[in-house]
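Have a look at the structure below before the remarks.
Each chain gets a letter, A, B and so on, in the order its sequence line appears, and its residues count up from 1. Excluded from the calculations below are hydrogen atoms, water molecules and symmetry mates; all remaining heavy atoms, backbone and side chain alike, are included.
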Number of protein chains: 2
Amino acid sequence: MATIDDVARAAGVSTSTVSYVLSGKRPISAPTRQRVERSIRDLGYRPHAGARALASSRTQVLALMAPLRADVNVNVIMQFVTGVVTSARAFEHDVLLLTQDDATGLERVADGSMVDALIMMDVEADDPRVPVLVGLRQPAVLIGLPQEPAGLSCVDLDFEAAGRVAVRHLAELGHRDVALIGSPRAVLERHTSYADRMLRGFTLEAVALGLTSTVQSCESSHSGAVEAVDAVLARMPGVTGVVVHNEVALPAVVATLRERGRRVPEDVSVVAVCPHDVAVGQPTPLTAVDIPAHTIGRVAVEMAMARVEGEQPAETRLLAPVLTARGTTAPAPAGQGQLNP
Amino acid sequence: MATIDDVARAAGVSTSTVSYVLSGKRPISAPTRQRVERSIRDLGYRPHAGARALASSRTQVLALMAPLRADVNVNVIMQFVTGVVTSARAFEHDVLLLTQDDATGLERVADGSMVDALIMMDVEADDPRVPVLVGLRQPAVLIGLPQEPAGLSCVDLDFEAAGRVAVRHLAELGHRDVALIGSPRAVLERHTSYADRMLRGFTLEAVALGLTSTVQSCESSHSGAVEAVDAVLARMPGVTGVVVHNEVALPAVVATLRERGRRVPEDVSVVAVCPHDVAVGQPTPLTAVDIPAHTIGRVAVEMAMARVEGEQPAETRLLAPVLTARGTTAPAPAGQGQLNP
DNA sequence: TTGAAAGCGCTAACAT
DNA sequence: ATGTTAGCGCTTTCAA
């Protein structure tokens with residue numbers, strides 16, 4: 001491989017000139033720049049990443065810790081990941097992928113100076129990795145919102161507001177008995193940030209609007225969805241509004257409601273909380289609060305890069321939820337609304 | 001951050017001794033080793049990845065190019081990715097994630113000496129990236145099998161054999177009219193390796209066994225599955241055996257067959273080609289040929305590392321398919337087998 | 001068994 | 001506008 005010295009020699013300039021042509025950190029005369037660029041092309045020169053990192057303390061790499069396990073929704077995860085990778089490239093960065101179960105991964109790549117910043121998904125309310133991130137030299141961005149951000153940047157959909165918006169939409173249609181079919185039990189039990197906040201928004205808004213509400217965990221499978229729907233129908237036979245926050249179970253929830261004799265949306269309205277493409281890709285397009293996974297990933301990178309560049313303080317950005325009415329919500333069945341005042 | 005010199009000073013030895021303690025490349029007396037290890041722990045020392053890469057031309061990083069787009073199955077992709085990341089760690093390597101649409105990513109990370117080896121998924125028969133990989137200094141491993149491996153290592157499920165096994169299973173149960181519901185049109189049209197080979201195995205074995213067969217592409221959505229099933233039923237009303245190679249469409253294919261009055265497996269037998277967990281996670285557990293994605297990812301890493309270490313030549317490993325009979329295949333309906341001799 | 005020192009290829013003062 | 005050069009933190013000869 002050609003080195004920067006080879007390029008300098010070929011162009012008849014000093015190595016620093018080549019370096020500055022590359023970095024643009026000082027003005028270079030047009031003719032010089034052209035000769036250098038020519039030599040770079042002729043030699044197929046590419047700076048050695050390690051040498052550059054050593055001299056500049058910049059790696060042009062971002063770490064992304066993603067939950068690659070079965071119980072979280074793979075589809076949504078993937079959208080976050082592509083969002084991160086794609087926008088990292090816009091900042092001339094590549095992405096090092098760490099998995100959740102590689103407990104010491106964050107410290108390894110940070111302390112070994114392998115990355116300029118870290119992004120972590122699937123944050124829990126009281127996440128043990130948060131103090132670890134706080135102790136690192138590199139800035140970190142959380143996708144999700146822990147109880148104690150401790151000076152870390154955070155970004156996510158405002159799931160609490162999403163829960164509120166979904167409930168309000170149902171209330172405005174006259175529904176009085178509403179249920180949340182949410183994340184798997186395991187996700188709830190570890191107090192995963194998004195699940196906690198969703199639950200909170202749903203419940204608080206139902207109380208605020210005087211609705212009767214119930215919450216049901218739901219495993220991410222066909223049978224899980226069937227069980228969840230049956231549990232809700234048993235506990236709240238008069239339910240007319242259902243919020244579903246579980247992409248995998250989504251189709252089965254709708255199908256099961258129908259199998260149990262509840263027409264959607266005539267008898268029961270369904271509001272999903274899921275990415276846009278999932279909502280419109282169903283047999284019946286769903287009224288849904290969008291989870292803008294790609295955007296969240298992009299914003300996470302932007303926040304990370306901002307902190308790498310300047311001395312910005314940490315910030316938290318919660319994206320406002322957007323509900324789009326499609327085919328699965330309708331006014332509550334006549335009379336129903338008055339049965340449970 | 002502490003450097004190797006700090007450690008050496010603290011331990012009262014030379015820097016090279018610390019280096020050798022770390023690498024194990026020369027014998028160190030027990031007392032010396034202990035003092036060095038103590039200092040390393042006390043100082044929380046971690047070697048600087050860039051410096052190490054510069055001096056040793058080893059990055060301890062692997063590149064993985066994965067197709068993070070919508071039309072390939074996200075679930076399976078994810079299993080490959082976790083397989084790769086997990087076993088990379090076993091070789092003390094981290095994984096740099098490149099996306100399919102980052103066309104020049106492979107050259108960028110290879111020529112910039114960011115990685116020790118590259119692994120590429122979703123290979124097409126005549127993939128333009130193959131010659132690129134051949135030109136790199138670092139070894140590359142393909143997950144999939146191009147027409148012309150050109151000296152690259154390849155690993156994958158033997159999809160041709162998988163197609164044959166599936167057909168043979170149906171034939172042994174007496175089925176005479178069989179259909180393949182496969183990948184989306186786009187995947188087939190770019191001659192994605194696995195889709196091509198599957199189709200070939202299915203067709204050749206059907207011919208060899210004297211069966212009547214048809215092949216149908218299938219978009220990865222509910223409606224795509226419905227359309228595919230309807231197309232097959234229209235073209236081959238007497239079909240009694242269906243091989244499905246499309247994880248996303250799988251549940252909808254079975255559901256649609258039933259909606260069209262075909263009981264599964266009494267009227268129509270279904271053989272899936274999908275990962276184990278997908279097959280057993282369906283409402284009805286499916287007779288299936290397993291796609292051992294995790295294993296393939298692991299083998300890819302092993303092959304890559306072997307070539308990084310030694311001067312092994314490139315090799316191609318096709319994993320033998322394993323079919324497990326579950327609830328969705330049964331003997332062909334009586335008499336049917338004789339209608340189309 | 002250990003140490004000294006020459007790079008690895010680049011960046012960024014410091015000069016001019 | 002450009003050149004000179006001292007590191008960056010490690011590995012690995014070469015010596016002892």
Want to settle it: does B/Arg35 or B/Ala51 sit nearer the 5' end of DNA chain C, counting the closest nucleotide to each?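 The residue closer to the strand's 5' end, by nearest nucleotide, is B/Arg35.
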Of A/Arg26 and A/Leu22, whose closest DNA chain C nucleotide lies nearer the 5' terminus? A/Leu22
Range on DNA chain D touched by chain B - first to last nucleotide, heavy-atom distance under 4.0 Å: D/dG9 to D/dC14
Tell me what [X] touches on the nucleic acid: a base, only sugar-phosphate, or nothing, going by heavy atoms under 4.0 Å.
X: A/Ser29; result: sugar-phosphate
X: A/Ser113; result: nothing
X: A/Gly12; result: sugar-phosphate
X: B/Thr32; result: sugar-phosphate

So for the helix from C/dT1-D/dA16 to C/dT16-D/dA1, with five pairs setting each end axis, what is the inter-axis angle to 10°?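 Helix axis angle between the two ends: 30°.
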N-O pairing of B/Asp94 and A/Arg108 below 4.0 Å: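 The answer is yes: the pair qualifies as a salt bridge.
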Answer yes or no: side-chain N or O of B/Ser16 and base N or O of C/dA4 forming a donor-acceptor pair under 3.5 Å.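 Counting by modelled atom types and ignoring angles, a donor-acceptor contact under 3.5 Å is found here.
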Starting the side chain at C-beta, find the nucleotide from C/dA4, C/dT11, C/dC8 nearest to B/Ala55. C/dC8
A/Leu98 CG to A/Leu118 CG distance, which is reported to the nearest 0.5 Å: 7.5 Å
